[in-house]
Undergrad: 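Submitted below is the structure of interest, expressed as structure tokens.
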Protein chains: 2
Amino acid sequence: MKENQINFSEVDNCPVRNILDRFGDKWSTLVILILGSYDTLRFNELQKMIGTVSQKMLAVTLKKLETDGLVSRKVYPQVPPKVEYSLTALGLSLLPKLESLVQWANENRTIITENRSLKG
Amino acid sequence: MKENQINFSEVDNCPVRNILDRFGDKWSTLVILILGSYDTLRFNELQKMIGTVSQKMLAVTLKKLETDGLVSRKVYPQVPPKVEYSLTALGLSLLPKLESLVQWANENRTIITENRSLKG
DNA sequence: ACCTTTACTTACCAAAAGTAACTAAATCTC
DNA sequence: GAGATTTAGTTACTTTTGGTAAGTAAAGGT
């Protein structure tokens, strides 16, 4: 057992899983990455940008991110409604870590695709 | 639109999502992190360490990671069977990026937990 | 002869996510 | 002035994903 070991075994006691489980869902990381590159987006701009997310899941995802304080939500009292989403300082602090994952994915895309086609 | 912009809008054409979707599942990142700290583990050592993963999902997760070439599987022809899992070089190259996410989660755990209890 | 052990698989059930339709109210079109 | 359009959602229903519990194979221990 290495030093600085993290205990993963209990969900509630595990500092990591409690937080990371929130990004283990299908859309959170993608929403953060996109808001990171576009700064401010309305609900259906985000939806068009992602392309394959359902309205329901985008709404749920944004609500969770807002609850955690990663995304802020600005409502303009208009009809039809206008709501703008952007990253908070906390969300921005996570961004470079996710971008580093994206960079890794880009660098290793070819080799992983090859591995997949070998094994089927 | 910033320079170095990534196009997220089409699943198949998106270099990022094609790869990252594989870690968007419930267990992959955790398995990589644990194998990263324990070096080599047998199937049920991994299961005990995670604590809440089902045998079925651990098997599925390991098979996907093996297919992608992130995890290697060494079978000892014994009865009862012995199978050892460890990270490949590719898996090891991903590890620091995931550990950086863990570090972020640790640093921001308190504030996120507070945010959740305010809104939640 | 029977129980144990390990790394799975399988059949069945629960939870998460996808789909499509619906809503409210101001503005635009005819 | 009746009806379509627009936006940010919500709701009811279906599909997909994950969880549960039991089963499997074959060697060794009691």
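Below, chains carry the letters A, B, ... as their sequence lines are ordered, and counting in each starts from 1.
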Undergrad: Starting at atom CG of A:L58, determine the distance to atom P of C:dA20, rounded to an integer number of angstrom.
TA: 17 Å
Undergrad: In whole Å, what is the span from the CG atom of B:D25 to the P atom of D:dG18?
TA: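 Checked: the CG to P distance equals 6 Å.
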Undergrad: Applying a 4.0 Å non-hydrogen cut-off, can you work out what A:K82 is touching in the nucleic acid: base, sugar-phosphate, or nothing?
TA: sugar-phosphate
Undergrad: Could you say whether A:P81 or B:P81 is positioned toward the 5' end of DNA chain D, judged by the nucleotide with the nearest heavy atom to each?
TA: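 Between the two, 5'-proximity favours A:P81.
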Undergrad: If you check every side-chain atom of B:M57, which of D:dG18, D:dG9, D:dA26 has the closest atom?
TA: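 Closest of the options to the side chain of B:M57: D:dG18.
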Undergrad: Atom NZ of A:K63 and atom P of D:dG9: how far apart are they, to the nearest Å?
TA: 8 Å
Undergrad: Taking atom C1' of D:dG18 as reference, at what distance in whole Å does atom CG of B:L30 sit?
TA: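 To the nearest whole Å, that distance equals 15 Å.
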Undergrad: Counting only side-chain heavy atoms from C-beta out, which of D:dG9, C:dA17, C:dA7 sits nearest to A:V83?
TA: D:dG9
Undergrad: If we ignore hydrogens and angles and just use 3.5 Å, is the side chain of B:R17 paired with the main-chain N or O of A:L30 as donor and acceptor?
TA: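 It does not hold such a pair.
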Undergrad: Indicate yes or no for a side-chain donor-acceptor contact from A:T67 to the backbone of A:K63 under 3.5 Å, with no hydrogens or angles considered.
TA: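 Present.
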Undergrad: Among C:dG18, C:dA7, D:dA8, which nucleotide sits nearest the side chain of B:R42?
TA: C:dA7
Undergrad: From D:dG19, D:dA26, D:dT6, pick the nucleotide closest to the side chain of B:S54?
TA: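 Shortest atom-to-atom distance from the side chain points to D:dG19.
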Undergrad: Whether the side chain of B:K26 and the base of D:dG18 hold a donor-acceptor pair under 3.5 Å is what I'd like checked.
TA: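 Flag unset: no donor-acceptor pair detected.
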Undergrad: Under 4.0 Å, heavy atoms only, any strand: does B:Y85 hit a base, just the sugar-phosphate, or nothing?
TA: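 The residue B:Y85 makes sugar-phosphate contact but no base contact.
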Undergrad: Considering only side-chain heavy atoms of B:K56, which listed nucleotide, D:dT20, D:dT7, C:dT6, is closest?
TA: D:dT20
Undergrad: Do B:E99 and B:Q103 get their side chains close enough for a donor-acceptor pair, meaning under 3.5 Å?
TA: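 B:E99 vs B:Q103: no donor-acceptor pair found between side chains.
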Undergrad: Looking at D:dT7, C:dC8, C:dG18, which one has an atom nearest to any side-chain atom of B:Q55?
TA: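 Nearest to the side chain of B:Q55 among the choices is C:dC8.
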Undergrad: Check whether more than 12 heavy atoms from other residues, nucleotides or ligands sit under 6.0 Å from atom NZ of B:K82, and answer yes or no.
TA: yes
